[in-house]
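Only one structure is covered here, and it is reproduced in the block below.
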Amino acid sequence: RAKQDGRGVLRYFETEMDARMQARRKLENELRLAIKNQEFELHFQPVLDLTSEKIVLCEALVRWNHPQLGRVAPDQFIPLSEKTGLIGPLGAWVLRRACQEAVTWGDDICVSVNVSPIQLRDRTLVQTVDNILDETGLKANRLELEITERSLMSNTDLTVGLLHQLRKLGVRISMDDFGTGYSSISYLRKFPFDKIKIDRSFVTGSDTSDDSAALVKMIASLGASLGVKTTAEGVETCAEMKSVRDAGCTEIQRYLLSRPISSDSIRELLHDRQTNGNAVTCEAN
Ligand code: C2E
Ligand code: MG
Ligand code: MG
Ligand code: MG
């Protein structure tokens, strides 16, 4: 009896797994066709410089408009595209689209693009970036590449070399989601960075939690002494904005300012801000 039950459970799991495998394979095939079918779209989220109170940069965030499923979040298809190698063509597409959009903005506004660890393993990445800058006419100093700590755990020497080559082009490098990895601080010494993006798990609540505030302050002063900028991700309220400003962060990014919006909307927003001044949602103090 117990045996039978066991087999039944096993069969159930097998069917379950089959179904999941099939669903995954289906999504994989659809992902493969999605570039060709123009189902990807870039959204942009502005980043505010806390000194000038101006928008200085917009981060490009990819969206998949699936014909049946609707909008699929990047957390659901970036990992799959990394496993299947599709991140190569997808990453290049994102980079090209982001640069194409950025040339339509003011000259003082930069664009940042997330780069997957898999792309960092590809020796042709530097050439790809260089080609896309040439093609689109975007100045290299208006492009920032965001790299997460988990990218840096393998292939250290290769990655250091690659990052130096990218910086030689004039492109800037930021460390994304800082503080969530295993050896955040040692990475800062090993790899050439221009900016630290403090993960929102430290920023959210930093106005009420002394611990979070102390950590944000520590990272901001680390950034200052290394001569790099620090962006606080996840600033939700004016109180949090004040607290990260007091901590010494140089930039903020979060829904307080704007959610990620379409390329048309970001162009409008940037144009509005240019003509109507910099409507910051909070009082200065
Ligand atoms: P990320 O690079 O850390 O991007 C910031 C994420 O935080 C975005 O989520 C953004 O919508 C979200 N965010 C911003 N402000 C707020 C806020 O106030 N509250 C909350 N809850 N979230 C906020 P999104 O667009 O879903 O992207 C998730 C992650 O997917 C990104 O994290 C990035 O790691 C990855 N990703 C997105 N686009 C690309 C891409 O083109 N290439 C690669 N390789 N990865 C990408
Ligand atoms: Mg990012
Ligand atoms: Mg981040
Ligand atoms: Mg992230």
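First listed ligand is number 1; within each ligand, the first listed atom is number 1.
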When rounded to the nearest 0.5 Å, the distance separating CG of Leu31 from CZ of Arg24 is 10.5 Å
Checking heavy atoms under 4.0 Å, the part of Leu90 that sits near ligand 1 is neither
Going by the 4.0 angstrom heavy-atom rule, the piece of Glu233 near ligand 1 is side chain
Note: OE2(Glu59)-the Mg ion (ligand 2)-OE1(Glu146) angle, rounded to 10 degrees, equals 90°
Quick look: Lys197 vs ligand 1, heavy-atom contacts under 4.0 Å, and the answer is neither
Could you list the donor-acceptor pairs under 3.5 angstrom formed between side-chain atoms of residues 79-91 and any protein atom two or more places apart in sequence or on another chain?
{"from": "Ser81", "atom 1": "OG", "to": "Phe77", "atom 2": "O", "distance (Å)": "3.4"}
{"from": "Ser81", "atom 1": "OG", "to": "Ile78", "atom 2": "O", "distance (Å)": "2.8"}
{"from": "Glu82", "atom 1": "OE2", "to": "Ser116", "atom 2": "OG", "distance (Å)": "2.9"}
{"from": "Thr84", "atom 1": "OG1", "to": "Leu80", "atom 2": "O", "distance (Å)": "2.8"}
{"from": "Thr84", "atom 1": "OG1", "to": "Ser81", "atom 2": "O", "distance (Å)": "3.4"}

From Asp199, does some N, O or S atom reach closer than 2.8 Å to the Mg ion (ligand 3)? no
Consider every N or O of Glu236 and every N or O of ligand 1, then say whether any pair is closer than 3.5 Å.
no
With a cutoff of 4.0 Å, is Glu82 in contact with ligand 1, counting heavy atoms of the residue only?
no
Checking heavy atoms under 4.0 Å, the part of Asp176 that sits near ligand 1 is side chain
Exercise for review: Kindly confirm or rule out an N or O of Val62 lying under 3.5 angstrom from an N or O of ligand 1.
Suggested key: yes
Honestly, for Arg259 the part within reach of ligand 1 (heavy atoms, under 4.0 Å) is neither
For Asp75, the ligand 1 atoms with a heavy-atom partner under 4.0 Å come out as 28 (C), 29 (C), 30 (O)
Within the 4.0 Å heavy-atom cut-off, what Pro74 brings close to ligand 1 is side chain
Nearest non-hydrogen contact to atom 7 (O) of ligand 1 from the set Arg200, Arg63, Arg97 belongs to Arg200
Return yes if some donor-acceptor pair links the side-chain N/O of Arg245 with the main-chain N/O of Leu50 below 3.5 Å, else return no. yes
### Message
Do Thr159 and Phe191 have side chains that approach each other closer than 4.5 Å (heavy atoms only, starting at C-beta)?
### Response
yes
*Can you tell if the side chain of Phe44 reaches within under 4.5 Å of the side chain of Ser262, non-hydrogen atoms only?*
no
Smallest heavy-atom separation, Thr230 atom then Ile219 atom, equals CG2-O, 4.0 Å
Item to check | N/O/S atom of Asn114 inside 2.8 Å of the Mg ion (ligand 2), strictly under | outcome: yes
min-distance N/O/S atom, Asp176 vs the Mg ion (ligand 3), resolves to OD1
For the Mg ion (ligand 3), angle spanned by Glu233 OE2 and Asp177 OD1 (nearest 10°) is 140°
task = Using a 4.5 Å cut-off on heavy atoms from C-beta on, say whether the side chain of Arg123 contacts that of Leu158.
result = yes
Exactly one of Gln253, Arg142, Glu146, Gln45 clears side chain to side chain donor-acceptor pair (under 3.5 Å) with Ser112, and that residue is Glu146
Hits for side chain to side chain donor-acceptor pair (under 3.5 Å) against Arg71, two or more places apart or cross-chain, chain-then-number order -> Glu41, Asn65
Next on the checklist: If we ignore hydrogens and angles and just use 3.5 Å, is the side chain of Thr104 paired with the main-chain N or O of Glu101 as donor and acceptor?
Outcome noted: yes
Side-chain donor or acceptor of Asp177 paired with backbone N/O of Thr180 under 3.5 Å
no
When you measure from the heavy atoms of Pro260 to every atom of ligand 1, does any distance fall below 4.0 Å? yes
Cationic N near anionic O, under 4.0 Å, Glu251 to Lys54: no
With heavy atoms and a 4.0 Å threshold, my read on which part of His43 contacts ligand 1 is neither
Quick look: Val94 vs ligand 1, heavy-atom contacts under 4.0 Å, and the answer is side chain
